[in-house]
Amino acid sequence: MRKNFGFTFVLFVIMACFSVKGLAIDFKAGTYYIDNTKLQYSNIKFVVETNNLTRVYNMSKLEDKDWWKVELLNDVNNVDGYCFINSNQAAGTYTRGIEDFLETLSLQSPTFRHTKVRNSFLPEAQYPIGWVFCPLNIGEISDGYWRPIESYCVTPSHTLPIIYIDTQGSQTISTKDYYINGTFWLDNCGIEGYESLGSQESPLEIEIKGRGNYTWFYMYKKPYKVKFINKQSPLGLDRSKHFILLHNDDWSGRLRNETGFELSRQLGMPYTPRQIPVELVLNGEYEGLYFLCEKIRVESGRVDIMEQQDNDSNPDNATGGWLLEIGYDDKKPVVIEQFENNDITNNWFAFTSNSPEVLSQVQYGYIHNIIHRADSCIFVPDKTDTGWEEYFDIKALARFYVIQEVTENVESFSRSLIMYKDYGWNEKLHFGPVWDFDNSFYLDNNSCDHFIFEYELPFSFLWIKELLKFPRLQQKIREVWKEFKENEVLQKINEHALQWRSTIEEAELNHERVRWPFYSGAHDMNSPARYLDKISRKVAWLDAQWSVPVGDVNCDGMVTAADVTAIYDYMLMGDETYSKSTCDINGDGDITAADITALYDIMLGN
C-alpha cells in the first residue's frame, strides 16, 4: 500500500492558504460584479451566509458586456461564506447554512453550477466596493478571484519584452496534466540586446500547460510551461523547445529566485537556469510581469549529461543519466523514510525521475538501490567514514548547501530538491541545479542567526543534518566560504539584485500592481533593501561560523601539522582536495617551500 508521504506538506499548505477560514468578513453597501464571459451562466444569484442563514440576492446583466452586478443597499456583515450560483432560486433568506443550501439545489437540478464557497483572500477581510469576481474555470464548481475594474484596462509598460500567447479557441489553461495548442510571438519593444521572435502576423506554434505545486493550486496568477514545436532561443536563452513562465511573486520585490540563481552562478555551479523579465498578454488580456525561464532538463546547455531512454531494460544503460527531484508526483517514486530523535513519526521523501520519465523494472531497481545505499552510508555512527562520498559529489554538495544557507532557503532539502547523475558505474549524485527560492527567508523575521535546519517547521530536511556531522563536508564548506569571501560574492549579488530591480521597476510598480493588487500590494518600496539587508546579516553570521584561520589548509578549523602535509600533497602530487588559495600561505601566487615556512611561523606564533 502506498504511503501518504505528502500529508504533512499538504496539511501545511492548506493551513497557510486558508488560515482565515472561519473568520467572518463584511460586504459594505455598494455594487459588486461577476465576469460571466467564461461561465456563461444564464441567471446569476449572489449567495452569502451570515449567522447560519443563507441570503440570496438577484443580479442583473450589464448591457455592454457579459458582466452581472448585484447592488447591496445595506452592509452585509459577518459573512461566513459566499458564492455565485446559476439558478432560478428566488431571492430571500433561507434558514440553513450555505453548504446545505447548495447541496439541496444540486439535488434538485443536475445542471446546477456555482462558484466555490469562500470568505477570504483580500486585505482586512473586506471586499472593495466595485470589484469584479473573475472566474478561472468553467467546471461544475468554478474557482475565481476578485479584481478591480481598472485591472481590466491596464496594458504593458513596454519597458520589458512582451510575450503574446493565444490558446486555440481562447481556451483557459486549466490543468498542468496536458498541453493545449496555441501560438506565441515576442516583441522586443526595441530593447537593446534582445530580438523579437515571430510576429502578430506569423506567430510560432506552441503547446502550453500549467506548472508548479503551491503556485499552481493556490495562486490565481498562474505559472506555465511552454513547449515550442521547434527549438528556439527566445531572448538569448539556451536553445530548446522547453521553457517556463514564472511569476515570482514574493515580498522581496521578486529578488528571491534571481538572487539564488546569481549566487549559484557566482559560486560556479555547473548549470544555473537563466530567466528574463517579460510582460505577458494571454488571449488578448494583460497578465502582468512574468519571467521567461529555462526549464531544467537533460539537454546540451542545461544539465549536460547522457540522456537515458525511457523504459530501457539494459542494465548497462541504467547507470545514467538521471535527473531526480524530490516532489509529489503520480509517477512511481523511490521513497525513503527518515526518523529524527527516535521520533516514531515517519518523514517521507519521494524521489521522482524527471529523466527518464518512464522507468523499466531494471531502471527503477537501479535508482532505488543507489538512493537506499547512499541513505545507509549517511546514517553511520562513525562520521570519519567516507563511504557516503562514493555516492555523492562532495564539492557540489558543499556549494549547493552554502547557497541555501546564504539565502536561508528552508525548503531546499525537503522538496524541489534536484539531483543528477551521469552515465557510468562510478559516476556520483550531484546536488543541483538550484531551483525554487520562493521560501528563502521564509519566516520573514529579523533573526538571521540560525542554520536553516534549526528552524521549527512542519516538514523535515533530507539528509543534510546528518551529512553535516561529517568533518570532510565541513572542510569543503569552509573552502567554499573562503572562495565566497575572496571573490566578493556578497557585493556582486547585491549589485546584480539592484540592477534587476531597476529593470523591472516600471513594469511592476505601475502595471503589475494594477493588474494584481492583492499580490503586489504587499510589496513596499523598501522590500528589496530589507531582503538584501537580511542576506548581509546572514552572511555576517555565517562568517563567524565558517571563517577559515590563515594556515588552515585542510579547513578543519585548526592549524596543525596536518596542514603542512596538505601543502606537500598539493605541491608534490597535485592533490585537488585542497584549493590553491588555501595553500598559498604567503600570498605570492605560487605554492612553494616558502608557504611551508610561513605555515610553521603561524604554528609557532610568529
Side-chain angles (χ1 to χ4, degrees), residues 33-42 44 61 65-68 83-84 86 111-116 132-147 151-156 161-187 197-230 232 234 241-247 249 278-293 295 330 512 515-516 519:
Y33 301 89
I34 179 172
D35 183 347
N36 191 44
T37 308
K38 294 177 181 177
L39 296 178
Q40 294 294 294
Y41 285 180
S42 58
I44 306 179
K61 185 178 181 299
K65 63 182 74 174
D66 197 2
W67 287 12
W68 292 58
C83 69
F84 297 89
N86 185 36
T111 60
F112 173 71
R113 292 184 293 161
H114 65 88
T115 63
K116 284 189 175 181
V132 185
F133 186 83
C134 179
L136 286 172
N137 60 307
I138 55 175
E140 291 184 7
I141 304 177
S142 303
D143 198 2
Y145 64 96
W146 289 92
R147 55 187 288 193
S151 71
Y152 283 87
C153 305
V154 66
T155 57
I162 304 171
I163 290 176
Y164 295 87
I165 292 177
D166 291 289
T167 60
Q168 190 174 63
S170 297
Q171 296 177 72
T172 300
I173 305 168
S174 58
T175 180
K176 62 177 190 172
D177 296 329
Y178 55 84
Y179 286 102
I180 62 176
N181 294 328
T183 60
F184 174 109
W185 67 281
L186 186 155
D187 182 357
L197 182 63
S199 65
Q200 185 173 8
E201 295 75 21
S202 300
L204 304 179
E205 293 184 14
I206 62 163
E207 296 176 323
I208 187 169
K209 66 178 180 178
R211 69 157 307 279
N213 291 310
Y214 178 88
T215 52
W216 176 255
F217 290 111
Y218 299 108
M219 296 190 78
Y220 294 120
K221 184 181 179 185
K222 303 295 186 182
Y224 303 107
K225 281 184 183 178
V226 174
K227 181 180 178 182
F228 290 95
I229 304 304
N230 300 305
Q232 304 292 339
K241 293 181 180 180
H242 303 271
F243 296 89
I244 292 172
L245 281 165
L246 300 172
H247 53 66
D249 285 306
V278 298
E279 293 179 275
L280 175 64
V281 176
L282 178 61
N283 290 329
E285 184 173 352
Y286 178 68
E287 292 294 330
L289 178 62
Y290 274 80
F291 299 85
L292 184 64
C293 184
K295 184 179 187 300
D330 291 335
E512 164 76 11
R515 175 60 183 86
W516 300 98
Y519 289 140

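Quick caveat, the model's predicted, so the values are computed rather than measured.
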Trainee: Which distance, rounded to the nearest 0.5 Å, do you find between the CG of Leu246 and the CZ of Phe291?
Mentor: 8.5 Å

Trainee: Tell me, please, whether Phe243 has Lys295 positioned over its six-membered ring: NZ or CZ under 6.0 Å from the ring centre and within 45 degrees of its axis?
Mentor: no

Trainee: Should Lys209 and Thr175 be marked as a side-chain contact (heavy atoms from CB on, under 4.5 Å) after you check the CA-CA gap, both sets of side-chain angles, and the distance that decides it?
Mentor: CA-CA 6 Å; Lys209 66 178 180 178; Thr175 180; 5.7 Å; no

Trainee: Any chance you could measure Leu280, atom CG, to His247, atom NE2, to the nearest 0.5 Å?
Mentor: 11.5 Å

Trainee: Does Lys222 count as lying over the ring of Trp216, i.e. NZ or CZ under 6.0 Å from the six-ring centre, within 45 degrees of the axis?
Mentor: yes

Trainee: For the CD atom of Gln168 and the CD1 atom of Ile180, what is their distance to the nearest 0.5 Å?
Mentor: 8.5 Å

Trainee: Give me the atom names and distance for the closest heavy-atom approach of Lys61 to Lys65.
Mentor: NZ-O, 3.6 Å

Trainee: Could you state the interatomic distance from OH (Tyr286) to SG (Cys153), rounded to the nearest 0.5 Å?
Mentor: 13.5 Å

Trainee: Within a strict 4.5 Å, meaning less than it, do heavy atoms of the Ile162 and Val281 side chains meet?
Mentor: yes

Trainee: Are the charged groups of Glu285 and Arg147 less than 4.0 angstrom apart, N to O?
Mentor: yes

Trainee: Please confirm whether Lys221 makes a cation-pi placement over Tyr290, using NZ or CZ under 6.0 Å from the six-membered ring centre and within 45° of the ring normal.
Mentor: yes

Trainee: Find out whether Ser174 and Leu136 are in side-chain contact, i.e. whether some heavy atom of one side chain is under 4.5 Å from a heavy atom of the other.
Mentor: no

Trainee: Could you tabulate the donor-acceptor pairs under 3.5 Å formed by side-chain atoms of residues 200-208, not counting sequence neighbours?
Mentor:
none

Trainee: Answer yes or no: is there a side-chain heavy-atom contact under 4.5 Å between Ile244 and Tyr224?
Mentor: no

Trainee: Does Thr183 have any side-chain hydrogen bond (donor to acceptor under 3.5 Å, both in side chains) partners at least two apart in sequence or in another chain, and if so, which?
Mentor: none

Trainee: Atom OG of Ser142 and atom CZ of Arg113: how far apart are they, to the nearest 0.5 Å?
Mentor: 6.5 Å

Trainee: Inspect the contact between Arg515 and Glu287 and indicate whether a charged nitrogen and a carboxylate oxygen are less than 4.0 angstrom apart.
Mentor: yes

Trainee: Going through the checks in order, is the side-chain contact (heavy atoms from CB on, under 4.5 Å) test met by Asp187 and Tyr164?
Mentor: CA-CA 8 Å; Asp187 182 357; Tyr164 295 87; 4.2 Å; yes

Trainee: Decide side-chain contact (heavy atoms from CB on, under 4.5 Å) for Asn213 and Lys176; before the verdict, give the C-alpha distance in whole Å, the side-chain angles of both, and the deciding distance to 0.1 Å.
Mentor: CA-CA 10 Å; Asn213 291 310; Lys176 62 177 190 172; 3.2 Å; yes

Trainee: Stepwise, does the ring-ring contact (aromatic ring centres under 6.0 Å, His included) test hold for Tyr33 with Phe133?
Mentor: CA-CA 6 Å; Tyr33 301 89; Phe133 186 83; over 10 Å; no

Trainee: Identify, with sequence neighbours excluded, every residue that meets side-chain hydrogen bond (donor to acceptor under 3.5 Å, both in side chains) alongside Asn36.
Mentor: Asp66

Trainee: Please round to the nearest 0.5 Å and tell me the distance separating atom CD1 of Ile163 and atom CH2 of Trp185.
Mentor: 11.5 Å

Trainee: Run the ring-ring contact (aromatic ring centres under 6.0 Å, His included) test on Trp516 and Tyr145 for me, step by step, so that the C-alpha distance in whole Å, both residues' side-chain angles and the decisive distance to 0.1 Å come before the verdict.
Mentor: CA-CA 10 Å; Trp516 300 98; Tyr145 64 96; 5.2 Å; yes

Trainee: Taking the inter-plane angle between the rings of Phe228 and Phe184 on a 0 to 90° scale, is it parallel (under 30°), tilted (30 to 60°) or perpendicular (over 60°)?
Mentor: perpendicular

Trainee: Determine whether Trp67 and Ile34 satisfy the following criterion, side-chain contact (heavy atoms from CB on, under 4.5 Å), listing intermediate values before the conclusion.
Mentor: CA-CA 6 Å; Trp67 287 12; Ile34 179 172; over 6 Å; no

Trainee: A side-chain contact here means heavy atoms from C-beta on lying under 4.5 Å apart; do His114 and Phe84 qualify?
Mentor: no

Trainee: Could you point out which residue of Thr172, Asn283, Asn181 forms a side-chain hydrogen bond (donor to acceptor under 3.5 Å, both in side chains) with Thr167?
Mentor: Asn283

Trainee: Please name the pair of heavy atoms, one in Val278 and one in Leu289, separated by the smallest distance, quoted to 0.1 Å.
Mentor: O-CD1, 3.4 Å

Trainee: Would you name the heavy atoms of Ser42 and Trp68 that are closest together and state the gap between them?
Mentor: O-CH2, 3.4 Å

Trainee: Looking at Lys116, I want to see if its NZ is surrounded by more than 12 non-hydrogen atoms of other residues, nucleotides or ligands under 6.0 Å.
Mentor: no

